[in-house]
Amino acid sequence: QVQLVESGGGLVQPGGSLRLSCAASGIAFNLYNMGWYRQAPGKKRELVAGITSGGTTNYADSVKGRFTISRDNAENTVYLQMSSLKPEDTAVYYCNAVWTILTYWGQGTQVTVSS
């Protein structure tokens, strides 16, 4: 059974930081390209950051320089370090795993940036 379990979301003030984690099980994690997506109320789900199986990263323009994605293949976990958070970063953040035609999603974790 494949599971992607996100954690680390919460309420943070503008300018603050959070680290999201996504623990994967049931997949050959090292083969998968991993990503973080987010969806704000009334908006489409969008890619925030991705990291390939080889460690190449990419970011949405809106988070470049503020967010960092990383992975630990020994722990089957992908992280999203978020800094200088803004109210517009408020959303449900989802973990995604892709390998060939296989795609899996986590259940999401809420991030709220508000004073």
Side-chain angles (χ1 to χ4, degrees):
Q1 180 183 1
V2 177
Q3 283 192 307
L4 300 177
V5 180
E6 300 101 332
S7 60
L11 174 64
V12 63
Q13 292 187 342
S17 298
L18 281 176
R19 189 176 83 151
L20 305 183
S21 300
C22 170
S25 59
I27 60 173
F29 181 80
N30 60 301
L31 298 179
Y32 280 72
N33 296 329
M34 302 298 297
W36 286 97
Y37 288 71
R38 68 186 180 188
Q39 187 166 19
K43 293 191 176 182
K44 293 181 180 179
R45 190 174 296 190
E46 62 175 359
L47 175 67
V48 175
I51 184 166
T52 68
S53 58
T56 301
T57 59
N58 65 287
Y59 298 92
D61 287 343
S62 59
V63 306
K64 280 181 183 176
R66 300 189 297 123
F67 290 11
T68 302
I69 189 171
S70 61
R71 65 190 297 160
D72 184 337
N73 287 344
E75 296 293 330
N76 289 357
T77 301
V78 61
Y79 303 97
L80 185 67
Q81 178 68 48
M82 305 185 294
S83 303
S84 302
L85 283 160
K86 305 175 181 180
E88 51 264 43
D89 295 317
T90 295
V92 178
Y93 283 71
Y94 297 91
C95 178
N96 171 259
V98 176
W99 179 59
T100 62
I101 63 169
L102 300 174
T103 301
Y104 301 103
W105 292 92
Q107 82 288 350
T109 186
Q110 176 70 46
V111 172
T112 302
V113 185
S114 174
S115 55

Legend entry - All pairs passing side chain to side chain donor-acceptor pair (under 3.5 Å) where residues 17-37 contributes a residue, at least two apart: none
Inset, instruction - Please identify each residue that fulfils salt bridge (charged side-chain N to carboxylate O under 4.0 Å, His left out) with K43, with sequence neighbours left out. - result: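 For K43, no residue satisfies salt bridge (charged side-chain N to carboxylate O under 4.0 Å, His left out) once neighbours in sequence are set aside.
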Legend entry - Test salt bridge (charged side-chain N to carboxylate O under 4.0 Å, His left out) applied to E46 - qualifying residues, sequence neighbours left out: R38
Do the non-hydrogen side-chain atoms of [X] and [Y] ever get within less than 4.5 Å of each other?
X: M82; Y: V111; value: yes
X: P14; Y: P87; value: yes
X: D72; Y: Y79; value: yes

Inset, instruction - Apply the test side chain to side chain contact (heavy atoms under 4.5 Å, CB included) to residues L80 and V48: give CA-CA distance (whole Å), side-chain angles for both, the deciding distance (0.1 Å), then the verdict. - result: CA-CA 9 Å; L80 185 67; V48 175; 4.2 Å; yes
Inset, instruction - Establish, for the pair R45 and Y94, whether the NZ or CZ atom is under 6.0 angstrom from the six-membered ring centre and no further than 45 degrees off its axis. - result: yes
Legend entry - Geometric cation-pi criterion, R66 with Y59: 6.0 Å, 45°: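 Ring-cation test returns no.
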Inset, instruction - Take I69 and V78 through the side chain to side chain contact (heavy atoms under 4.5 Å, CB included) test and state the conclusion after the steps. - result: CA-CA 7 Å; I69 189 171; V78 61; 3.9 Å; yes
Which heavy atom in [X] sits nearest to a heavy atom in [Y], and how many Å separate them?
X: V98; Y: N96; value: CG2-OD1, 3.2 Å
X: I27; Y: A97; value: CD1-CB, 4.2 Å
X: T109; Y: L20; value: CG2-CD2, 4.0 Å
X: V5; Y: Q107; value: CA-OE1, 3.9 Å

With a 4.5 Å cut-off on side-chain heavy-atom distances among I, L, V, M, F, W and Y, is there a chain of contacts connecting [X] to [Y]?
X: L102; Y: L31; value: yes
X: Y93; Y: Y104; value: yes
X: L11; Y: L85; value: no

Inset, instruction - Please check if the side chain of E6 supplies one atom and the backbone of C95 the other of a donor-acceptor pair under 3.5 Å. - result: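 Between the backbone of C95 and the side chain of E6 there is a qualifying donor-acceptor contact (under 3.5 Å).
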Legend entry - Atom CH2 of W105: over 12 foreign heavy atoms under 6.0 Å: yes
Inset, instruction - Inspect the contact between D61 and K64 and indicate whether a charged nitrogen and a carboxylate oxygen are less than 4.0 angstrom apart. - result: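 A salt bridge is present here (some side-chain N lies under 4.0 Å from a carboxylate O).
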Inset, instruction - Apply side chain to side chain contact (heavy atoms under 4.5 Å, CB included) to the pair N58 and L47, showing each step before the final yes or no. - result: CA-CA 10 Å; N58 65 287; L47 175 67; 3.5 Å; yes
Inset, instruction - Would you please test D89 and F67 for side chain to side chain contact (heavy atoms under 4.5 Å, CB included) and show each step? - result: CA-CA 11 Å; D89 295 317; F67 290 11; 3.9 Å; yes
Inset, instruction - Using only heavy-atom distances, determine whether the side chains of T90 and E88 contain a donor-acceptor pair under 3.5 Å. - result: no
